[in-house]
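Below you'll find the structure, written out as structure tokens, and then a few comments.
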Amino acid sequence: MAAAGFFFSITALVILIQLETSLNSCLAATPVHHSGRSTRFIRTSCQTTLHPNLCFTTFAPYATRIRGSPRSLATTALSLALNTTSFATKSVASLSKRHGLKRREAAALRDCVQEVGDSVDELKDSITELRLPNAGGSDFRRQMSDIQTWVSAALTNDDTCMDGLSGKSVNRILKTRVRRRVVKVAHLTNIALAFVNRYAAAATHK
């Protein structure tokens, strides 16, 4: 009986150790962005945007990568805006090739693909420029001015796409599907522009 009790005690101890190890592994794998200085930086930064809730849920998972850096935040925002814009372009292009579209619907969708596609190019240029070394002085101001111009143009393209879908010639269901995609693109691009502006202002006043 004593031997059996000892055996069960050892077995229980092994199980407890395994459970503790498993729990520690899970905790180690859990992103630390749910608390701490990095998350506070994301939350504070997002409060300055027009879409704070979307901003926080989008960028909180990247808090440890951003590490409180305005430049890293701006670069991450541009990258996420680019990815979302690229997906929207492909999605709208697919819709524009559907059978049964009216001529005006097909034309509006093709225009939207072109406009949002231009946004893709402008966001790519912005990311490339922002990743260049900080030249400082007037070169830095020119660099940031170019980025701000491109991101603003991308935002205008998104708005133009949505305006082109506002007429009665476009089916309501089709219009809703496209606008849902483009509105998210516009919101993320707007957030990216806010973070670019913030980085430009912070770097200039150092």
Side-chain angles (χ1 to χ4, degrees), residues 31 33-34 38-39 41-67 69-98 105 108-132 144 146-166 170 172-200:
H33 60 256
H34 293 294
S38 296
T39 302
F41 173 74
I42 298 295
R43 188 180 297 279
T44 300
S45 299
C46 286
Q47 291 302 318
T48 66
T49 71
L50 295 177
H51 313 285
N53 293 333
L54 172 65
C55 177
F56 183 75
T57 57
T58 300
F59 293 97
Y62 302 91
T64 53
R65 178 195 301 178
I66 293 168
R67 294 183 178 276
S69 165
R71 180 175 182 174
S72 180
L73 179 59
T75 303
T76 302
L78 288 171
S79 297
L80 291 177
L82 172 61
N83 291 342
T84 306
T85 305
S86 297
F87 176 80
T89 303
K90 294 174 183 176
S91 179
V92 177
S94 178
L95 288 174
S96 71
K97 297 174 183 177
R98 291 178 57 185
E105 289 175 335
L109 290 177
R110 285 195 299 269
D111 289 344
C112 187
V113 170
Q114 179 63 51
E115 288 146 2
V116 181
D118 289 343
S119 296
V120 169
D121 294 335
E122 287 151 353
L123 290 171
K124 284 181 179 178
D125 289 341
S126 300
I127 293 170
T128 299
E129 190 72 17
L130 188 57
R131 285 175 175 167
L132 294 175
M144 296 309 300
D146 287 345
I147 295 171
Q148 289 165 324
T149 298
W150 290 326
V151 180
S152 296
L155 191 56
T156 299
N157 290 335
D158 300 337
D159 291 339
T160 302
C161 165
M162 290 187 286
D163 288 342
L165 298 170
S166 61
V170 180
R172 182 177 58 83
I173 296 176
L174 180 63
K175 185 188 306 183
T176 300
R177 293 181 64 182
V178 176
R179 286 180 66 87
R180 186 183 299 119
R181 291 164 173 77
V182 180
V183 164
K184 184 174 183 180
V185 165
H187 287 177
L188 289 178
T189 303
N190 187 284
I191 291 169
L193 180 58
F195 289 157
V196 166
N197 291 340
R198 176 175 178 169
Y199 168 59

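Numbers here are sequence positions counted from 1.
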Rounded distance [0.5 Å steps], [atom1] in [X] versus [atom2] in [Y]:
X: L130; Y: F195; atom1: CG; atom2: CZ; value: 13.0 Å
X: L188; Y: T58; atom1: CG; atom2: OG1; value: 5.5 Å
X: F59; Y: I191; atom1: CZ; atom2: CD1; value: 5.5 Å
X: L132; Y: T128; atom1: CG; atom2: OG1; value: 7.5 Å
X: W150; Y: K124; atom1: CH2; atom2: NZ; value: 14.0 Å

Return yes if some donor-acceptor pair links the side-chain N/O of [X] with the main-chain N/O of [Y] below 3.5 Å, else return no.
X: S166; Y: D163; value: yes
X: T49; Y: C46; value: yes
X: S126; Y: E122; value: yes

Test of understanding: with salt bridge (charged side-chain N to carboxylate O under 4.0 Å, His left out), list the residues that count as partners of D146, not counting sequence neighbours.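 Testing D146 for salt bridge (charged side-chain N to carboxylate O under 4.0 Å, His left out), a comparison that skips the adjacent residues, returns R142.
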Nearest heavy atoms of [X] and [Y], plus distance in Å:
X: K175; Y: L165; answer: CE-O, 2.8 Å
X: I42; Y: F56; answer: CG2-CD1, 3.9 Å
X: E115; Y: C161; answer: OE1-CA, 3.1 Å
X: S152; Y: Q148; answer: OG-O, 2.8 Å
X: S119; Y: N157; answer: OG-CB, 3.2 Å

Run the side chain to side chain contact (heavy atoms under 4.5 Å, CB included) check on L109 and L174 step by step: do they pass? CA-CA 10 Å; L109 290 177; L174 180 63; 3.9 Å; yes
For [X], side chain to side chain donor-acceptor pair (under 3.5 Å) partners two or more places apart:
X: D118; value: Q114
X: D125; value: none
X: E129; value: none
X: T85; value: none

Just so I know, are the side chains of [X] and [Y] near enough to count as touching, which here means a heavy-atom distance under 4.5 Å?
X: I66; Y: S38; answer: no
X: V116; Y: D158; answer: yes
X: I147; Y: M144; answer: yes

Is a donor from one side chain sitting under 3.5 angstrom from an acceptor on the other, for S45 and R198?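 Yes.
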Take T160 and T156 through the side chain to side chain contact (heavy atoms under 4.5 Å, CB included) test and state the conclusion after the steps. CA-CA 6 Å; T160 302; T156 299; 4.1 Å; yes
Would you tabulate the side-chain donor-acceptor contacts of residues 177-187 under 3.5 Å, counting partners in other chains and residues two or more places apart, or write 'none'?
{"from": "R179", "atom 1": "NH1", "to": "M162", "atom 2": "O", "distance (Å)": "3.4"}
{"from": "R181", "atom 1": "NE", "to": "S91", "atom 2": "OG", "distance (Å)": "2.4"}
{"from": "R181", "atom 1": "NH1", "to": "R177", "atom 2": "O", "distance (Å)": "2.8"}

